[in-house]
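Structure first, commentary second.
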2 protein chains.
Amino acid sequence: MIIRVVNETVEMTSSNKQTQTDKLAAEIGDAILSGVLAPGTRLDEHRLAEQYAVSRTPVREAIRSLAATGLVELRPRRSAVVAEITPAQLEIMFVAMGELEATCARLSAMSMTPIERRRLQSQHERMGALVESDDVAGFIEANLIFHALIYAGSHNSILADMAVGLRRRLGPYRRAQFRSPGRLPRSHAEHERIMQAIVSGDAAAAHAAMLNHVSLVEDTFIGLTATRAA
Amino acid sequence: MIIRVVNETVEMTSSNKQTQTDKLAAEIGDAILSGVLAPGTRLDEHRLAEQYAVSRTPVREAIRSLAATGLVELRPRRSAVVAEITPAQLEIMFVAMGELEATCARLSAMSMTPIERRRLQSQHERMGALVESDDVAGFIEANLIFHALIYAGSHNSILADMAVGLRRRLGPYRRAQFRSPGRLPRSHAEHERIMQAIVSGDAAAAHAAMLNHVSLVEDTFIGLTATRAA
DNA sequence: AAATCAAAAACTGCATGCAATACTGCTGCA
DNA sequence: TGCAGCAGTATTGCATGCAGTTTTTGATTT
């Protein structure tokens, strides 16, 4: 079973067969997603070049790549900056990710192979044990696989990639989702409905269940920020 | 009412306030989408630089931008090439576009303002006249607006941009869709159902109607290629 | 003390050059 | 005649330098 959630950082250690530009794009992108480079930070080409011990050329090219993914904003003749995400945009991104996940669930219900259905069921059961033992870290990791299985089950790499990209992009804003008390069993119950619908081939139910699931995650997120802001 | 289907080519004539790189990315991208640069064509940096009378640097950066959109494929240490699209990928892209359009229709049914609903209805009625007069060119143009209204009505720029991008990307493969005999009135009838569902706020029906609509377009496409291949 | 303006510093956009890698065609051998 | 190895060429990846624009800073004025 091969599941690759993060696809840019493959071969991060081995430096051969990859251009400086690609490595820089991956590193700077990770720095942004991990919060090392905060939104609004100016990406000074000189500084970055010095920091990574390369010239400005690959830095410029890497920044342009990141701009296309939306991670940084390009302003002609002025410094590129790490893209700011307004609450309104965040809301839109969460909705979009929810819709994409729901669509993947729908397609999975329609076109998963029997083996894929069994894998999903098996993964869900494995997560049941993690809920029992209240293993939050394990559940988070297994949750990624659960969702990745549904992306893959859609048999549509375009939609799957879009969903993965958005999930990755929203990562920094979802970290605390499973810390809310009682979230683990609730999440597992929602997964139960999603899994059942997919395995039984009920496309509409899979769509609805997934939409409901991710909407609740979003609620959790919004609740947390509201608390933080207060 | 402002609808911008193509957003890269804004200010193509006026050369100020836009970097060479941006202009090049737009021009080369258009060349690819219009078929001037066929899939598989090698993008020689020297040749392109000479052709557009700039140095290799902006050409390289433009190519990297296009690579991020999927229009060209980057192979380290070897020439970038115009991305080839296999029939399997094309199928996936059509499915993805259909799902995105259907999702936008669903969201439109839920969240369009009364004014937006009226605009959609009005646009649909206008297209009725074009069907009567069998104005294919006019219908094609109006069809773009009809769909753009639904993208915008989703009130989700991420999903809308994804749909627009895919539609643009698939453009070269959909050209002949309205030439099939009887396609105009049939398309209009499908639009009728989509419009009715959205205006009346029936999200599920809007989703289903749009999915059906774009699937039929895809059938038309596949039929044409099969004919061509035979 | 705050605001304004000008000069300087900093930074981006682009051109060019060099080194390293990939490709092409040729020659020699089976 | 066909294939393998090799030299030459073409082409990419990256560094560096310069010009033009933006930003910053400091002085001057109100």
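Proteins come first, then strands; the chains are lettered A, B, ... in the order of their sequence lines, and each starts at number 1. What you see is a predicted model, and the numbers here were worked out from it, not measured in a lab.
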Sugar-phosphate only, base, or nothing, as touched by Leu43(A) at under 4.0 Å among non-hydrogen atoms: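 Sugar-phosphate, backbone atoms only, no base.
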Thr21(A) side chain near dC14(D) phosphate (N/O to OP1/OP2, under 4.0 Å): yes
Arg78(A) side chain near dC11(C) phosphate (N/O to OP1/OP2, under 4.0 Å): no
Using whole Å, what does the distance between atom [atom2] of nucleotide [N] and atom [atom1] of [X] come to?
X	N	atom1	atom2	value
Leu48(A)	dC11(C)	CG	P	11 Å
Ile63(B)	dT12(D)	CD1	P	8 Å
Lys23(A)	dG13(D)	NZ	P	13 Å
Glu61(A)	dT12(D)	CD	P	12 Å
Glu45(B)	dA22(C)	CD	C1'	13 Å
Gln18(A)	dA20(C)	CD	P	20 Å
Gln20(B)	dT16(C)	CD	P	13 Å
Glu50(B)	dA10(D)	CD	P	14 Å

Minimum heavy-atom distance between Thr19(B) and Pro76(A), given as atom pair plus value: CG2-CB, 4.0 Å
Measure from the side chain of [X], starting at C-beta and using heavy atoms only, and say which of [options] lies closest.
X	options	result
Arg77(A)	dA15(D), dT11(D), dG20(D)	dG20(D)
His46(B)	dT11(D), dC14(C), dT24(D)	dT11(D)
Arg60(B)	dC14(D), dC14(C), dC11(C)	dC14(D)
Arg56(A)	dG13(C), dA15(D), dG13(D)	dG13(C)

Arg168(B)/Asp30(B) salt bridge by N-O under 4.0 Å criterion: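 Judged by the 4.0 Å cut-off on N to carboxylate O distance, Asp30(B) and Arg168(B) do form a salt bridge.
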Earlier contact from the 5' end, DNA chain D, for Asp22(A) and Arg42(A):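 Result: Asp22(A).
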Pairwise 5' ranking along DNA chain D for Ala80(B) and Thr57(B), keeping only the more 5' one: Ala80(B)
Donor-acceptor contact present, side-chain Thr103(B) to main-chain Glu99(A), <3.5 Å: no
Plane angle bin for His191(B) and His147(B) - parallel if under 30°, tilted between 30 and 60°, otherwise perpendicular: perpendicular
Leu159(A) side chain near Ile92(B) side chain, heavy-atom distance below 4.5 Å: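 No, too far: nothing below the 4.5 Å cut-off.
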